[in-house]
Number of protein chains: 2
Amino acid sequence: MDQPGPGPRRTTTSEQLRVWRDFVETTEALRSRLSSRLQAESSLSSSDYAVLLALHDADGHCLRSSTLADAVGWERSRLSHQVGRMERRGLVARKGGRSAGVALTDDGAATFRRASVAHLRAVRQLFVDALTDDQLAAAGEIAAALRSALDRPES
Amino acid sequence: MDQPGPGPRRTTTSEQLRVWRDFVETTEALRSRLSSRLQAESSLSSSDYAVLLALHDADGHCLRSSTLADAVGWERSRLSHQVGRMERRGLVARKGGRSAGVALTDDGAATFRRASVAHLRAVRQLFVDALTDDQLAAAGEIAAALRSALDRPES
DNA sequence: ACGTCGGAATTGACGTGTCAATTCCCGGAG
DNA sequence: CTCCGGGAATTGACACGTCAATTCCGACGT
């Protein structure tokens, strides 16, 4: 046996692959479920919600485009399209000329508050309460480990 | 202290929320990284890959539309659009009249084999090898727990 | 003051996903 | 044989994301 003792060392990859698939499919399903609920309850997409959240947390409910883009972690152009659509729906407003800020409208702020209680309830039900304390802690560690792998030099 | 002893009971929700956000953002980033690599290395989207994988595993490299839809877990119409696009690129072919099957072409099969080695390498690097054995096991349990919450009656 | 240079923001074109029709085919009833 | 019902598959219209231009504005040198 070229296995260094009884310690848990990698067997094949098929078991690992199974975990990978379960993990991916489940997180995907979770994301998509939360997204449907949000849509059904508040007519907001996850993207809408992300923007509203960032603006809501911002000082004066207003941010420069590029700051907002960083806050939600998107490309500029994606944000621009998104803001355009949200502006048409009256959730946000562009301030000033070409440069200088996107602001939450009153309507946007109200919509966000309404949506967020339902959304947080859903997150609690489908994630927080679905896991034991240990599992929740493990989830945090796993996220950190994955992120650090993602941040490595690239291959 | 209204905390019932040293036992691990929920504090506020803000710590839990932080874990939730980390978790979501990280899995999202991971998915998107794998997807870019696949695209760069093989000119395939994740959706393309999913379809090729399902057909490759299928008997005779051919499946009925609805069976294929179940295999990848999509809506019918999404599959139809996807297959249409893949057909134009020569990766798959529709058989028979309106009903009766989508088949992998030789080109599709070859493309899939090429893509899968790179993809599996990436999965190993960014997921399997990024986690300790314990974390990998925990990931499996977390997926199971989340899935079972998702499968509950709905709210 | 004028040009122009550079980055910020936007736009357009295109591939993709969803929802609501719509088409197509098969099987049974008359 | 013909007609009709219903489910499978497709299509169309529209929302969304990405990439490659393009526009816009302000700073800097001369």
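The sequence lines fix the lettering, A, B, ..., with proteins before strands; numbering per chain opens at 1. A quick note: this is a predicted structure, and the numbers were derived from the prediction, not measured.
Residues A:Asp129 and A:Arg124 meet the side-chain proximity criterion, which asks for heavy atoms closer than 4.5 Å. A:Val102 is not listed as a side-chain neighbour of A:Leu63, based on a closest heavy-atom distance of 4.5 Å or more. In this structure, the side chains of A:Val24 and B:Val123 stay at 4.5 Å or more apart for every pair of heavy atoms. The closest side-chain heavy-atom distance from A:Leu44 to A:Gln39 is not below 4.5 Å.
A:Leu79 places its CG atom 12 Å from the P atom of C:dT11, with the value rounded to the nearest Å. A straight line from CZ of B:Arg94 to P of C:dC24 spans 14 Å, rounded to a whole angstrom. If you take CE of A:Met86 and P of D:dA15, they are 15 Å apart, rounded to a whole angstrom. One atom, CD of A:Glu75, and another, P of C:dA8, lie 14 Å apart when rounded to the nearest Å. Between B:Leu38 atom CG and C:dT16 atom P the separation is 12 Å, expressed in whole Å. At whole-Å resolution of the value, CH2 in A:Trp74 and C1' in D:dC19 are 17 Å apart. Regarding B:Leu68, its CG atom lies at a distance of 10 Å from the P atom of D:dA9, rounded to whole Å. If you take CD of A:Gln39 and P of D:dA15, they are 11 Å apart, rounded to a whole angstrom.
Dashed line: the shortest gap from a side-chain N or O of B:Ser45 to OP1 or OP2 of C:dG15 is not under 4.0 Å. Taking side-chain N and O atoms only, B:Arg76 has no distance below 4.0 Å to OP1 or OP2 of C:dT18. Within the 4.0 Å cut-off from OP1 or OP2 of D:dG17, at least one side-chain nitrogen or oxygen of A:Arg78 is found. Taking 4.0 angstrom as the limit, B:Gln82 places none of its side-chain polar atoms (N or O) nearer than this to OP1 or OP2 of C:dT16.
Comparing C:dA9, D:dA9, D:dC16 by their closest approach to the side chain of A:Arg85 singles out D:dC16.
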Distances for protein N or O near nucleotides 12-14 of chain C N or O, under 3.5 Å:
unit_1, atom_1, unit_2, atom_2, d
C:dG12, O6, A:His81, NE2, 2.8

Stepwise, does the side-chain contact (heavy atoms from CB on, under 4.5 Å) test hold for B:Glu28 with A:Arg31? CA-CA 9 Å; B:Glu28 168 64 17; A:Arg31 174 188 325 291; 3.5 Å; yes

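With a 4.5 Å cut-off between side-chain heavy atoms of Ile, Leu, Val, Met, Phe, Trp and Tyr, the cluster of B:Val117 takes in none.
Using a 4.0 Å heavy-atom criterion, one finds that B:Ser66 contacts the sugar-phosphate atoms exclusively.
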Listing, residues 72-84 of chain A side-chain donor-acceptor contacts under 3.5 Å, not counting sequence neighbours, or none:
unit_1, atom_1, unit_2, atom_2, d
A:Arg78, NH2, A:Ser47, OG, 3.3
A:Gln82, NE2, A:Asp48, OD1, 2.5

